[in-house]
There are 2 protein chains.
Amino acid sequence: MATIKDVAKEAQVSIATVSRVINKSPKASQTSIEAVTLAMKKLGYRPNAAARALVNQSSQAMGVLVGDVSDPFFGAMVKAIDTVATAQGKHLLIGNGFHSAQKEREAIELLIHHRCEALVIHSKGLSNEELIEFSKEIQGMVIINRFIPEIAERCIALDNIKGSYTATEFLIKNGHKHIGYICSNHDIEDTEHRKQGYLQALKDYGLPYSENYIDYGLPNEAGGEEAMTNLLTKGLPLTAIATYNDYMAAGCLSVLDENGIHAPHDISIVGYDNTIISRYLHPKLTTMHYPIQLMAEKATLLALSLANNQLAKAETSMYVPTLVKRLSVKTLD
Amino acid sequence: MATIKDVAKEAQVSIATVSRVINKSPKASQTSIEAVTLAMKKLGYRPNAAARALVNQSSQAMGVLVGDVSDPFFGAMVKAIDTVATAQGKHLLIGNGFHSAQKEREAIELLIHHRCEALVIHSKGLSNEELIEFSKEIQGMVIINRFIPEIAERCIALDNIKGSYTATEFLIKNGHKHIGYICSNHDIEDTEHRKQGYLQALKDYGLPYSENYIDYGLPNEAGGEEAMTNLLTKGLPLTAIATYNDYMAAGCLSVLDENGIHAPHDISIVGYDNTIISRYLHPKLTTMHYPIQLMAEKATLLALSLANNQLAKAETSMYVPTLVKRLSVKTLD
DNA sequence: CTGTTAGCGCGTTCAT
DNA sequence: ATGAACGCGCTAACAG
């Protein structure tokens with residue numbers, strides 16, 4: 001592939017002149033511009049990003065770590081980040097962690113090797129300690145969807161306790177007294193928080209609660225089916241169920257349907273996350289909205305300004321999910 | 001950030017020695033290894049990918065252009081590519097084209113600037129000519145989801161005519177005689193092909209066809225709703241509808257539901273793409289499976305071997321979608 | 001306005 | 001086994 005030197009030779013000028021026209025420096029004669037442009041076209045010249053990054057001491061890239069790009073939730077997150085990054089002239093380097101500590105570590109290191117100035121990291125596999133270490137190393141690193149007290153000003157997180165509390169409270173206020181919970185069996189903070197919110201709401205409203213009303217499964221459709229089946233088997237007098245996320249709610253709905261139990265008529269269901277599928281389920285799923293776009297934009301802006309040595313403004317960093325009422329909960333109208 | 005030179009000084013050796021231990025060269029004494037390792041740790045040394053790429057004349061990256069990462073369809077595609085690329089020690093650079101010619105062009109150029117050896121390109125905005133030009137420039141470039149005769153051996157595409165034909169034929173074989181079509185209004189080849197397949201099936205089976213049975217909308221849920229509403233308004237004796245894609249089918253189902261028309265009892269619906277939402281719709285959507293993972297893997301392998309100067313093996317490059325029977329079509333059992 | 005030159009961080013001969 | 005020196009492609013002084 002042609003280099004700047006080849007172009008210089010072809011255009012009969014020095015490489016400095018070529019560099020000037022490439023970078024649209026004002027000090028370049030019209031004659032040079034034309035000659036160089038022609039030569040570049042003729043040779044099919046393409047500037048080498050690595051060489052530029054090296055001499056400019058800047059890769060013009062920002063890094064993102066997600067769990068899995070094929071998950072629509074992360075898709076939305078990446079898009080939001082890409083939009084604000086692009087607006088600032090940066091492009092994205094994306095790593096997948098698949099919730100494995102080792103993969104997350106390797107991905108972050110890759111981003112560091114590429115000298116990403118700003119980093120938006122979604123990590124569920126790494127320990128607080130390790131993330132804190134990374135954050136010390138990279139000034140422009142921001143943690144998203146997780147709260148670490150020691151680096152609170154670098155975290156953009158969601159209040160999952162409150163979210164789950166709100167969802168459960170909504171059921172209670174609509175007259176439900178026997179509310180089950182379909183819980184994830186992933187051992188991460190989110191799991192614990194969402195379960196806590198559910199329990200707290202029951203306690204605050206003086207409703208009975210019991211482990212018996214809770215069942216577990218993988219945080220996907222199959223897990224929801226499994227948990228719902230188990231719940232059904234116990235023959236509990238449930239009139240409503242709160243779930244860990246929309247996927248589990250989908251599995252739950254599916255099992256219910258197969259058993260001739262109709263939501264919301266026979267039982268009410270509330271999801272969590274407001275992912276793309278919630279609009280497509282039948283009945284359309286009432287769920288808690290996870291403002292991931294907003295949070296991702298915020299995280300990106302924060303990471304970028306941190307990378308630029310600007311200190312973090314102490315704004316909201318703990319977001320609160322909001323209820324999206326659709327049709328899966330029977331309400332007292 | 002510490003450079004190899006700093007490490008050399010700290011470890012009291014030359015940069016050549018440091019380079020050797022970094023790259024695990026056999027000719028490096030145990031003593032050096034230890035000293036260098038220690039120094040690297042102490043200084044928090046991180047190799048600079050740009051410098052490496054420059055001197056090695058290889059970025060170890062491969063590029064991908066998709067329409068929009070937040071679309072689950074592309075999410076699945078990216079994941080498949082990432083999986084095989086990672087297995088070969090490459091990482092991904094991802095560009096979003098948003099179906100705009102200019103954005104697609106810029107994204108591809110970015111990938112070229114970064115010296116991606118292999119490229120998997122999904123483009124609907126650029127002309128055949130421009131893509132052919134790019135393919136001449138980049139030996140390891142492969143086009144996915146589009147067929148360009150001049151560079152057929154560099155294309156991994158789907159036979160949309162056959163797919164839509166199969167979908168329509170399935171309806172016909174189940175006794176339907178009045179079959180409508182919900183068409184995309186995006187002016188791309190896919191639109192035309194899928195419509196063609198529908199029409200051809202009707203002709204082959206001697207069924208009447210008319211523009212009146214076809215309606216248009218954006219290839220998303222809203223577009224499906226709009227088109228279905230229009231179709232309903234015409235008061236046609238339809239018993240089945242083939243659609244451009246699952247999203248339009250979702251909108252269609254939604255409008256039907258609101259009008260008290262139940263699928264598959266009152267009307268049968270068949271989707272296209274077999275995206276994630278098809279499993280969640282009610283009734284679960286019968287649709288054509290787009291083997292995007294398979295195709296993406298194939299495209300990646302092809303791009304990678306092309307980049308390595310290995311010639312393309314003349315294998316299947318035109319894939320055929322298959323029918324996934326779920327519950328949205330009333331069958332003759 | 002233009003050309004010469006140094007150096008960004010690293011891998012790699014080629015001596016030693 | 002090790003180090004000095006060169007060059008990858010490019011930008012930014014600096015001198016003219």
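Below, chains carry the letters A, B, ... as their sequence lines are ordered, and counting in each starts from 1.
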What is the distance, rounded to the nearest whole Å, between atom NE2 of H114(B) and atom P of dC10(D)?
13 Å

For the residue pair H91(B) and H114(A), does the interplanar ring angle fall in the parallel (under 30°), tilted (30 to 60°) or perpendicular (over 60°) class?
perpendicular

Could you verify whether a donor N or O on one side chain and an acceptor N or O on the other, from Q293(B) and E297(B), lie under 3.5 Å apart?
no

Taking 4.0 angstrom as the limit, do K136(A) and E133(A) come out as a salt bridge?
yes

Can you label the angle between the Y290(A) ring and the F73(A) ring as parallel, tilted or perpendicular, going by 30° and 60°?
perpendicular

Mind checking T31(B) for me? I need base, sugar-phosphate or nothing, with any heavy atom below 4.0 Å counting as a touch.
nothing

Pick base, sugar-phosphate or nothing for S19(B), based on heavy-atom distances below 4.0 Å to the nucleic acid.
base

Please determine, for the side chain of S14(B), which listed nucleotide (dG3(D), dC1(C), dC10(C)) has the closest atom?
dG3(D)

Result for 5'-nearest mapping on DNA chain D, choosing between R115(B) and A16(B), is A16(B)

Whole-Å distance separating the NZ atom of K27(A) from the P atom of dG16(D)
16 Å

Does a side-chain N or O of N48(B) approach OP1 or OP2 of dC8(C) to a distance below 4.0 Å, or not?
no

Could you check whether V18(A) gets within reach of a base, just the sugar-phosphate, or nothing at all, counting any heavy atom under 4.0 Å?
nothing

Is there side-chain contact between L119(A) and R154(A), with heavy atoms separated by less than 4.5 Å?
no

Neighbour count >12 (heavy atoms, 6.0 Å) for atom NZ, K124(A)
yes

In whole angstroms, the gap separating P of dG9(C) from CG of N56(A) amounts to 12 Å

Can you identify which nucleotide, out of dT4(C), dC10(D), dG7(D), has its nearest atom closest to the V55(B) side chain?
dG7(D)

Hey, does I15(B) reach any base, or is it just sugar-phosphate, or nothing, if we go heavy atoms under 4.0 Å?
base

Let me know the distance between CG of L54(B) and P of dT12(C), rounded to the nearest Å.
13 Å

Using a heavy-atom cut-off of 4.0 Å across all strands, would you classify A28(A) as base, sugar-phosphate, or nothing?
sugar-phosphate

Upstream residue (5' side of DNA chain C) when R20(A) and I4(B) are each assigned their closest nucleotide:
R20(A)

Distance, rounded to the nearest Å, where K9(B) contributes NZ and dC10(C) contributes C1'
16 Å

In whole Å, I'd like the distance from the CZ atom of R52(B) to the P atom of dC8(C).
18 Å

Measure from OH on Y45(B) to P on dG11(C) and round the result to the nearest Å.
6 Å

In whole angstrom, what separates K5(B)'s NZ from dG9(C)'s P?
7 Å

Tell me whether the side-chain N/O atoms of S32(A) come closer than 4.0 Å to OP1 or OP2 in dC1(C).
no

Given that Q30(B) and Q57(B) both sit by DNA chain D, which one's nearest nucleotide is further toward the 5' end?
Q30(B)

Phosphate-side-chain proximity, T17(A) and dT2(C), N/O vs OP1/OP2 below 4.0 Å
no

